[in-house]
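Working notes, structure below.
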2 protein chains.
Amino acid sequence: MSATGSERTSGRPAPLAGAAQPLSAIEAVTLATTLSALADPVRIQLVSIVAARGSVCSCDLESPLAKSQPTISHHTTILARAGILVGEKRGRWTWWRLAPEALNDLRRALDVSDAAEPAHESSTCED
Amino acid sequence: MSATGSERTSGRPAPLAGAAQPLSAIEAVTLATTLSALADPVRIQLVSIVAARGSVCSCDLESPLAKSQPTISHHTTILARAGILVGEKRGRWTWWRLAPEALNDLRRALDVSDAAEPAHESSTCED
DNA sequence: GCTTTATATCGACATAGATGAATGTGAGGG
DNA sequence: CCCTCACATTCATCTATGTCGATATAAAGC
């Protein structure tokens, strides 16, 4: 673990610029993977439905999303693998709800509050 | 404009569940488009570099990102079109900086704070 | 066990998008 | 002017992924 303070090896995604230091290639892949899970119109709308209703079973998603059952299953799988949705099997049905802290972690990763000082530093081109 | 308070027709992306109501298909496409701009390892790292240094010219991005000049140009174009980066041409160089409120708007859109009450509502399947 | 129902998986297809060589554009410098 | 340099654009290639029909799995109910 590096002693630079900001715990880059934790489970949560690294902040975009919370440490005023660019992300490594590996950290970028991790963040991009999570963002990719949300970067689809169907999945965003799916998440918003789950967020609004608290708990939804897969069968209730086909109509509002106007997609086939395999497609819905595909999207819920991706969102669950990204840690955004949590599925619970009750009898024949699977109930989906939001993972408690996933979206908040993502929002924290998108924080750039203490960056963006106009410090030019080194550059190959002189202005 | 609807009088339901939350200004769904404004320029900012609609909140995921701030109104405790699912996103429309059009709103979902808009949000997904913005998220897609960030949902790439190279672009996330690019944004983090700009965030950390405040202002960067394109030529200083090729080395840290290990991509060719056309690829860098491609990514900056996408980020600028998404409103995340702003480019300013100074002489032969293009200087990139973060758009002031783009990422904050995105973070707001991902807010689900006042949703997720366990209200079951109507469902085709009875538990 | 057989049927029904809800969901997952497989397979195939179509489209989107990331990448870079080649080339175009446009601003300086000589 | 011509050359150089920074960046944009075009074009082609390759991979990733959204979509759904067909099929598998698995849980109830009879």
Side-chain angles (χ1 to χ4, degrees), chain A residues 25 28-47 49-50 55-82 84-97 122-127, chain B residues 25 28-29 31-47 49-50 55-82 84-97 123-127:
Chain A
V29 169
T30 305
L31 225 188
T33 301
T34 306
L35 284 166
S36 295
L38 279 178
D40 176 273
V42 175
R43 288 197 290 269
I44 273 283
Q45 208 178 359
L46 196 162
V47 168
I49 291 172
V50 174
S55 186
V56 189
C57 92
S58 298
C59 57
D60 285 331
L61 291 169
E62 298 182 33
S63 290
L65 296 176
K67 296 293 168 194
S68 70
Q69 179 269 319
T71 300
I72 300 295
S73 178
H74 175 238
H75 287 308
T76 51
T77 300
I78 289 179
L79 287 166
R81 191 163 44 209
I84 295 167
L85 289 190
V86 177
E88 181 196 353
K89 307 202 86 168
R90 255 185 269 168
R92 297 184 272 191
W93 300 284
T94 306
W95 289 85
W96 299 99
R97 54 187 172 78
S122 61
S123 170
T124 44
C125 59
E126 298 97 40
D127 211 345
Chain B
V29 169
L31 224 188
T33 301
T34 306
L35 284 166
S36 296
L38 279 177
D40 176 273
V42 175
R43 287 197 291 269
I44 274 283
Q45 209 178 359
L46 197 162
V47 168
I49 291 172
V50 174
S55 186
V56 189
C57 93
S58 299
C59 58
D60 285 331
L61 291 168
E62 298 182 32
S63 289
L65 296 175
K67 296 294 168 194
S68 71
Q69 179 270 319
T71 300
I72 299 295
S73 179
H74 174 237
H75 288 308
T76 51
T77 300
I78 289 178
L79 288 166
R81 192 164 45 208
I84 296 168
L85 288 190
V86 177
E88 180 196 352
K89 307 201 87 168
R90 255 185 270 168
R92 297 184 273 189
W93 301 283
T94 305
W95 289 85
W96 299 99
R97 54 187 173 76
S123 170
T124 43
C125 59
E126 297 97 40
D127 210 345

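Letters A, B, ... are given to chains in the order of the sequence lines, protein chains preceding strands, and every chain is numbered from 1. What's counted below: heavy atoms across the whole structure, side chains too, no hydrogens, waters or symmetry copies. Computed from a predicted structure; not experimentally measured.
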Please give, in whole Å, the distance from dA8(D) P to Leu85(B) CG?
12 Å

Heavy atoms of chain B, cut-off under 4.0 Å: which first and last nucleotide of DNA chain C, 5' to 3', fall inside that, if you could look?
dA18(C) to dG28(C)

Run the side chain to side chain donor-acceptor pair (under 3.5 Å) test against Thr33(B) and tell me which residues pass, sequence neighbours left out.
none

With sequence neighbours left out, the residues meeting side chain to side chain donor-acceptor pair (under 3.5 Å) with Thr94(B) are none

Kindly give the atom pairs (protein nitrogen or oxygen, nucleotide nitrogen or oxygen) under 3.5 Å for nucleotides 18-24 of chain D.
{"from": "dG18(D)", "atom 1": "OP1", "to": "Arg43(A)", "atom 2": "NH2", "distance (Å)": "3.0"}
{"from": "dG18(D)", "atom 1": "OP2", "to": "Arg43(A)", "atom 2": "NH1", "distance (Å)": "3.3"}
{"from": "dT19(D)", "atom 1": "OP1", "to": "Lys67(A)", "atom 2": "NZ", "distance (Å)": "3.2"}
{"from": "dT19(D)", "atom 1": "OP2", "to": "His75(A)", "atom 2": "NE2", "distance (Å)": "2.6"}
{"from": "dC20(D)", "atom 1": "OP2", "to": "Ser68(A)", "atom 2": "N", "distance (Å)": "3.2"}
{"from": "dC20(D)", "atom 1": "OP2", "to": "Ser68(A)", "atom 2": "OG", "distance (Å)": "3.2"}
{"from": "dC20(D)", "atom 1": "OP2", "to": "Thr71(A)", "atom 2": "OG1", "distance (Å)": "2.8"}

Cut-off 3.5 Å, no hydrogens considered: what does the side-chain donor-acceptor table look like for residues 72-82 of chain B, sequence neighbours left out?
{"from": "His75(B)", "atom 1": "ND1", "to": "Arg43(B)", "atom 2": "NH1", "distance (Å)": "3.1"}
{"from": "Thr76(B)", "atom 1": "OG1", "to": "Ile72(B)", "atom 2": "O", "distance (Å)": "3.1"}
{"from": "Thr76(B)", "atom 1": "OG1", "to": "Ser73(B)", "atom 2": "O", "distance (Å)": "2.9"}
{"from": "Thr77(B)", "atom 1": "OG1", "to": "Ser73(B)", "atom 2": "O", "distance (Å)": "2.7"}

By side chain to side chain contact (heavy atoms under 4.5 Å, CB included), Ala32(B) pairs with (sequence neighbours left out) Pro41(A)

Please report the shortest heavy-atom distance between Leu35(B) and Leu38(A), naming the atom on each side.
CD1-O, 3.6 Å

At a cut-off of 3.5 Å, list every protein nitrogen or oxygen paired with a nitrogen or oxygen from nucleotides 4-6 of chain D, distance to 0.1 Å.
{"from": "dC5(D)", "atom 1": "O4'", "to": "Arg92(B)", "atom 2": "NH1", "distance (Å)": "3.4"}
{"from": "dA6(D)", "atom 1": "O3'", "to": "Arg92(B)", "atom 2": "O", "distance (Å)": "3.4"}

By side chain to side chain donor-acceptor pair (under 3.5 Å), Ser58(A) pairs with (sequence neighbours left out) Trp96(A)

Residue set satisfying salt bridge (charged side-chain N to carboxylate O under 4.0 Å, His left out) with Glu62(B), at least two apart, ordered chain then number -> none

Atom CG of Leu79(A) and atom P of dT17(D) are separated, to the nearest Å, by 14 Å

Side chain to side chain donor-acceptor pair (under 3.5 Å) partners for Thr71(A), two or more places apart
Ser68(A)

Point-to-point distance, once rounded to the nearest 0.5 Å, from CG of Leu61(A) to CD1 of Ile49(A):
6.0 Å

Could you report the tightest heavy-atom contact between Ala25(A) and Gln45(B), atom names first, then the distance?
N-NE2, 3.4 Å

